[in-house]
Amino acid sequence: MRPALPAPPLLVITDRLSARKNLSHIVPDVLQAGCRWLMVREKDLGTAALGELAREVVDQAGPFEACVMVNGDVEAAQFAGAAGIHLQTAAQVRPARERLGENALIGVSAHTLKEAQEAAGVGADYVTMSPVFLTDSKPGYGPALGIDVFGGICRQLALPVVALAGVTPATATPCLNAGAAAIAVMGTVMRSEFPGAVVRDILQAIEDRD
């Protein structure tokens, strides 16, 4: 049985190099604002440093019973005691599952329907689909999908799709209405002077939709 995505359906992804504040301030702020799903994505860090940072985030998230994942490094995820791993390709899913176990939450980055279908075929628990909108955080992946294409992809997949890239409080609802199981934000939160306020605004948009 596939692990359920954390609730509420909002994933905050870290990027300390572009962040306006230190992660030690941002993480507690977004947790207090209601975020219960975080991904530590710091691609410049080696395994040891990433593992240490992820463990700090896991410790901060503990009192909130929030889910913390690590991007791309299974060893760092194990060291940190993270709840799961986010991978770049479908080919990485089975080896990660063997190391982390059936209860680990495993996601895969996808930019096309084919990539998402491949991830579903090897047992990924969800895919992020990007870029939904234009954003500086996800350059080099071609033009934005837009809501119509994104929605069409969601309708053709049996696994949860997380909308990524350019998602804001204003665009969260259209993504969910198009079929997203959750939304993911990085730059919108990381570059904000008030990251907790951004999270509250997104969660309010989600609640108003419900």
inquiry  = Is there a side-chain contact between Val30 and Trp37 in this structure, where contact means two heavy atoms from C-beta onward sitting under 4.5 Å apart?
reply    = no
Name of the residue among Leu38, Val68, Leu53, Val40 meeting side chain to side chain contact (heavy atoms under 4.5 Å, CB included) with Val58 = Val68
query = If you measure from CG on Leu164 to NE2 on His111, what distance do you get to the nearest 0.5 Å?
reply = 8.5 Å
key: Interatomic spacing from OG1 in Thr112 to CE in Met129 - rounded to 0.5 Å   = 6.5 Å
query = Under 6.0 Å from the CG atom of Asn22, do we count more than 12 heavy atoms belonging to anything else shown?
reply = yes
query = Less than 4.0 Å between a side-chain N and a carboxylate O, is that true for Asp15 and Lys43?
reply = no
remark   = What one should report as the nearest heavy-atom pair of Val12 and Cys35 is CG2-SG, 3.6 Å
task = Look at the side chain of Thr14 and the backbone N and O of Arg16, then say whether any donor-acceptor pair between them is shorter than 3.5 Å.
result = no
ask   = Can you name the nearest heavy-atom pair linking Ala124 to Leu159, along with the distance?
value = O-CD1, 3.7 Å
query = Hey, does Arg200 have a side-chain heavy atom less than 4.5 Å from the side chain of Phe194?
reply = no
ask   = Got a sec, which residues hit side-chain hydrogen bond (donor to acceptor under 3.5 Å, both in side chains) with Gln78, two or more places apart in sequence or on another chain?
value = Arg99
query = Are any of the side-chain nitrogens in Asp73 or Arg41 under 4.0 Å away from the carboxylate oxygens of its partner?
reply = no
request  = To the nearest 0.5 angstrom, please state how far the CE atom of Met69 sits from the SG atom of Cys67.
outcome  = 6.0 Å
query = Could you state the interatomic distance from CZ (Arg191) to CD1 (Ile26), rounded to the nearest 0.5 Å?
reply = 11.0 Å
ask   = Is any side-chain heavy atom of Leu113 closer than 4.5 Å to a side-chain heavy atom of Leu157?
value = yes
ask   = Hey, what do you get for OG (Ser24) to CG (Asp29), rounding to the nearest 0.5 Å?
value = 11.0 Å
key: Charged tip of Arg55 within 45° of Phe79 ring normal and under 6.0 Å   = yes
message = Please report the interatomic distance CZ(Phe133) to OG1(Thr171), rounded to the nearest 0.5 Å.
response = 4.5 Å
key: Short side-chain donor-acceptor distance under 3.5 Å, Glu42 and Asn71   = no
note = For Cys154 and Ala178, the nearest pair of non-hydrogen atoms, with its separation, is CB-O, 3.9 Å
request  = For side-chain contact (heavy atoms from CB on, under 4.5 Å), just list the numbers for Val198 and Val185, CA-CA rounded to whole Å, side-chain angles, deciding distance to a tenth of an Å, and then say yes or no.
outcome  = CA-CA 10 Å; Val198 175; Val185 293; 6.0 Å; no
ask   = side-chain contact (heavy atoms from CB on, under 4.5 Å) between Leu5 and Leu105: does it pass, once the steps are laid out?
value = CA-CA 8 Å; Leu5 298 188; Leu105 185 62; 4.1 Å; yes
ask   = Any side-chain heavy-atom pair from Pro160 and Asp125 closer than 4.5 angstrom?
value = no
query = Taking C-beta and beyond as the side chain, do Leu50 and Val70 meet within less than 4.5 Å on heavy atoms?
reply = yes
Contact summary for Gly84 and Ala104, nearest pair of heavy atoms = CA-CB, 4.5 Å
ask   = Is the closest side-chain heavy-atom distance between Phe150 and Asp148 below 4.5 Å?
value = no
query = What heavy-atom pair brings Ala77 and Ile85 nearest, and what distance separates the two atoms?
reply = CB-CD1, 4.1 Å
request  = List the atom of Val122, the atom of Ala90, and the distance in Å for their closest heavy-atom pair.
outcome  = CG2-O, 3.4 Å
message = Closer than 3.5 angstrom, by distance alone: can the side chain of Arg36 be matched with the main-chain N or O of Leu31 as a donor-acceptor pair?
response = yes
ask   = Within the side chain of Thr188, is there an N or O that forms a donor-acceptor pair under 3.5 Å with the backbone of Val167?
value = yes
inquiry  = Quick check: do His86 and Thr128 have side-chain heavy atoms less than 4.5 Å from each other?
reply    = yes
task = Evaluate whether atom CG of Asp44 has more than 12 neighbouring non-hydrogen atoms of other residues, nucleotides or ligands under 6.0 angstrom away.
result = yes
task = Verify side-chain contact (heavy atoms from CB on, under 4.5 Å) between Val162 and Val127, making sure each step is shown before the conclusion.
result = CA-CA 6 Å; Val162 179; Val127 293; over 6 Å; no
query = Taking side chain as C-beta onward, heavy atoms only, is Arg97 less than 4.5 Å from Ile106?
reply = yes
